[in-house]
Amino acid sequence: GAVVSQHPSWVICKSGTSVKIECRSLDFQATTMFWYRQFPKQSLMLMATSNEGSKATYEQGVEKDKFLINHASLTLSTLTVTSAHPEDSSFYICSASGLAGGPRADTQYFGPGTRLTVL
Amino acid sequence: TQLLEQSPQFLSIQEGENLTVYCNSSSVFSSLQWYRQEPGEGPVLLVTVVTGGEVKKLKRLTFQFGDARKDSSLHITAAQPGDTGLYLCAATQGGSEKLVFGKGTKLTVNP
């Protein structure tokens with residue numbers, strides 16, 4: 001149990017285009033989803049926290065207009081990288097934690113990641 | 001300033017050897033997790049520790065949470081090539097759900 005999927009697993013796009021990444025909790029409902037990025041040989045850096053039905057909370061230094069997050073339901077959150085540039089190339093990983101008081105609460109379950117390459 | 005200091009950063013050992021990875025901080029944590037990540041994949045949760053002094057075992061892996069809940073260790077007995085990967089510690093503070101990650105320990109177990 002506690003499976004989180006991401007789509008696509010990898011994407012290559014041209015500079016200036018927008019890319020949408022989906023994060024789904026497949027077998028549980030997630031109150032909160034988190035978006036991270038990871039550069040080669042580095043650890044995960046939290047970008048933003050999203051709660052279903054409300055605006056995402058962004059970490060310091062993360063541009064909210066560039067990284068649009070929508071948490072439309074208890075099983076789906078999307079990250080859209082707008083007007084992507086080569087420096088946005090990275091490994092983007094989402095995680096989800098279950099409903100408060102439930103068996104999946106207080107633990108983040110990670111997706112498999114999405115490799116974004118901007119040419 | 002790195003909230004969670006992991007050491008060593010890199011570790012290359014022979015199959016059958018034992019090893020310990022450390023995760024230290026000056027802060028007190030509500031909970032601490034250990035993850036293992038393979039290249040091109042997301043982190044996979046190994047264990048969560050919440051009680052000071054807690055020890056958890058997962059086959060050949062032993063996890064310990066410090067009495068003061070500021071540090072943790074991961075000990076692997078008789079390492080195998082399949083243990084190769086990036087080991088990450090991550091922690092939460094207070095009532096926050098946010099995870100703060102250490103920089104990770106890249107373990108290579110040579111056959």
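This one's a predicted model, so the numbers in the text were calculated from it and none came from an experiment. Labels below follow one simple rule: chain letters A, B, ... track the order of the sequence lines, proteins then strands, and each chain is numbered from 1.
In the hydrophobic clustering of ILVMFWY residues, with side-chain heavy atoms under 4.5 Å counting as a link, B:I13 and B:L61 come out together. Both A:L46 and B:L45 sit in one connected hydrophobic cluster of ILVMFWY residues. Membership requires side-chain heavy atoms under 4.5 Å apart, directly or through other members. In terms of hydrophobic clustering, with Ile, Leu, Val, Met, Phe, Trp and Tyr side chains grouped at heavy-atom distances under 4.5 Å, A:F67 and A:F91 are assigned to different clusters. In this structure, A:M47 is not a member of the same hydrophobic cluster as A:F34, with clusters built from ILVMFWY side-chain heavy atoms closer than 4.5 Å. A:L68 and A:M33 sit in two unconnected hydrophobic clusters of ILVMFWY residues. Membership requires side-chain heavy atoms under 4.5 Å apart, directly or through other members.
The closest side-chain heavy-atom distance from B:K98 to A:E59 is below 4.5 Å. Residues B:L99 and A:Y36 form a side-chain contact, since some pair of their non-hydrogen atoms from C-beta on lies under 4.5 Å apart.
A distance-only check finds a donor-acceptor pair linking the side chain of A:S43 to the backbone of B:G102 [under 3.5 Å].
A donor-acceptor pair shorter than 3.5 Å can be found between the side chains of B:E97 and A:S97. Between A:Q38 and B:Q37, the side chains place a donor N or O and an acceptor N or O closer than 3.5 Å (distance only, hydrogens not considered).
Highest contact tally toward chain A, considering only B:G40, B:A90, B:G104, is held by B:G40 [criterion: heavy-atom pairs under 4.5 Å]. In terms of heavy-atom pairs under 4.5 angstrom with chain B, the leader among A:P40, A:P112, A:S95, A:G113 is A:P112.
Contact of A:L44 with chain B is made through backbone and side chain together, with heavy-atom distances under 4.5 Å.
In this structure, the separation between NZ on A:K41 and CG on B:L86 is 12.0 Å, given to the nearest 0.5 Å.
A:K66 NZ: more than 12 foreign heavy atoms inside a 6.0 Å radius. Annotation for A:H7: atom NE2 does not count as buried by contact number, only 12 or fewer foreign heavy atoms lying within 6.0 Å.
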